[in-house]
Visitor: 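A single structure is presented below for examination.
All ligand and atom numbering here is 1-based and tracks the order in the structure. This is a predicted model, so every value here is computed, not measured. As a basis for the values below, the full set of heavy atoms in this structure was taken, side chains included, without hydrogen atoms, waters or symmetry mates.
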Amino acid sequence: MNKPSIYGLTMEQLAAWLMEHGHKKFRASQVWDWLYRKRVTNFSEMNNVNKECIQVLEDNFSIQTLTEHVRQESKDGTIKFLFRLQDGNLIETVLMRHKYGLSVCVTTQVGCNIGCSFCASGLLTKNRDLTSGEIVEQIMNVQLHLDDRGQEERVSHIVVMGIGEPFDNFQNTVDFLEVIKDHKGLAIGARHITVSTSGLANKIYEFADLKLQVNLAVSLHAPNNELRTSIMKINKAFPIEKLMDSIDYYLEKTNRRVTYEYILIRDVNDHKAEALQLAELIGDKRHLSYVNLIPYNPVDEHGDYQRSTPEAISEFFDTLKKKGINCGVRLEQGADIDAACGQLRSKQEKKKEKVN
Ligand code: SAH
Ligand code: SF4
């Protein structure tokens, strides 16, 4: 049987597990230090940990469960990794370089069941949730790759925006966040972490209650129910009013700014009327709102959708600005390496189908 990745345990869970297996609690911080600071990939290298403890860890856990299947590097420094999971499934992880640091975009599920009409991953349907360990390990593998390059580079920011709906894999996502935030481990600041959801309102309440200090992004993409339902069927279960109620609750609990993601698809959701409606929708919370305008990234699977024209993008942006809404246009990265959500994976899956 495959052993789970040890990266999936929070520090507390690791300490509890070790004590249950007859070891001292302090071993947990030693092991933690080896995993996240010294970043060894074999238990046997943990040379201040006694043999019995190493043995029990080796018997029950793996450190690495992912293998690199493909790696593509863009001219702008973006690196896209395609990892193979122990069960053979492929997932993708992207490293992006910004002025403010290095950010990694992680995947939370194999495929996605939300089925948004514009998304390459939506068509694949969910095969399974990733474990917390598999989500952490994506970051560890990117960090180990950077370590190998010897430039002393560190992953400083995380975006949970790869394939999958993190709030449809809620507990594993929360455990993952606890692990990467831990001060004795990777110590990635909560304010440097953003979780993006397609708008599972019920989970937004739960997330607010956890007070993790992590940033929340909501994929809105349309300012009214008719349009939103036509491109995101999740809007039937959680229509805009319900979604906005959950966001009000989140704002009240956390007082933290929410980002609204809005992809601009030509002639679908990019008219001035929609910009005005969007401004109306979030107007009363504009002080705690930011709209991220994302020029649509065309994917083979949806040939009928195109990116908005530069004029339409500018007009949309200007309209929001005039209404006092904080907003920006996301710059594209890695355009030459299929860096859009799900694209590399879906290409590889197609190749696989051809081979099989
Ligand atoms: N499931 C979550 C997180 C993963 S998707 C969510 O939907 O929020 C991350 C972001 O990429 C979402 O805002 C999603 O709408 C957007 N996205 C999906 N396909 C895209 C495409 N082809 N071009 C641009 N953005 C896309
Ligand atoms: Fe799933 Fe997000 Fe893609 Fe929608 S946009 S199908 S929720 S990954």
Visitor: Less than 4.0 Å is my threshold; does some heavy atom of Gly162 fall inside it relative to ligand 1?
Guide: yes
Visitor: Only heavy atoms of Val299, strictly under 4.0 Å: list the atoms of ligand 1 that pass.
Guide: 22 (N)
Visitor: Charged N to carboxylate O below 4.0 Å: is that the case for Arg39 and Asp147?
Guide: yes
Visitor: Provide the number and element of each atom of ligand 1 under 4.0 Å from a heavy atom of Ser219.
Guide: 6 (C), 7 (O), 8 (O), 12 (C), 13 (O), 15 (O)
Visitor: Number the atoms of ligand 1 from 1 as they appear, then name those within less than 4.0 Å of a heavy atom of Thr197, with their elements.
Guide: 6 (C), 8 (O)
Visitor: For a distance under 2.8 Å, tell me if Cys116 has an N/O/S atom near atom 4 (Fe) of ligand 2.
Guide: yes
Visitor: Where does the angle between the aromatic ring planes of Phe81 and Phe83 fall among parallel (under 30°), tilted (30 to 60°) and perpendicular (over 60°)?
Guide: parallel
Visitor: So if I count the atoms of ligand 1 from 1 in the order they appear, which ones are less than 4.0 Å from some heavy atom of His221?
Guide: 13 (O), 14 (C), 15 (O)
Visitor: Whether the side chain of Arg37 engages the backbone of Gly185 through a donor-acceptor N/O pair (distance < 3.5 Å, no angle test) should be reported.
Guide: yes
Visitor: For ligand 1, note which part of Ile163 has a heavy atom under 4.0 Å away: side chain, backbone, both or neither.
Guide: neither
Visitor: List every atom of ligand 1 that sits less than 4.0 Å from any heavy atom of Gly164, numbering the atoms from 1 in the order shown and giving each element.
Guide: 1 (N), 2 (C), 3 (C), 4 (C)
Visitor: Measure Glu165 to ligand 1 on non-hydrogen atoms and call it side chain, backbone, both or neither using the 4.0 Å cut-off.
Guide: both
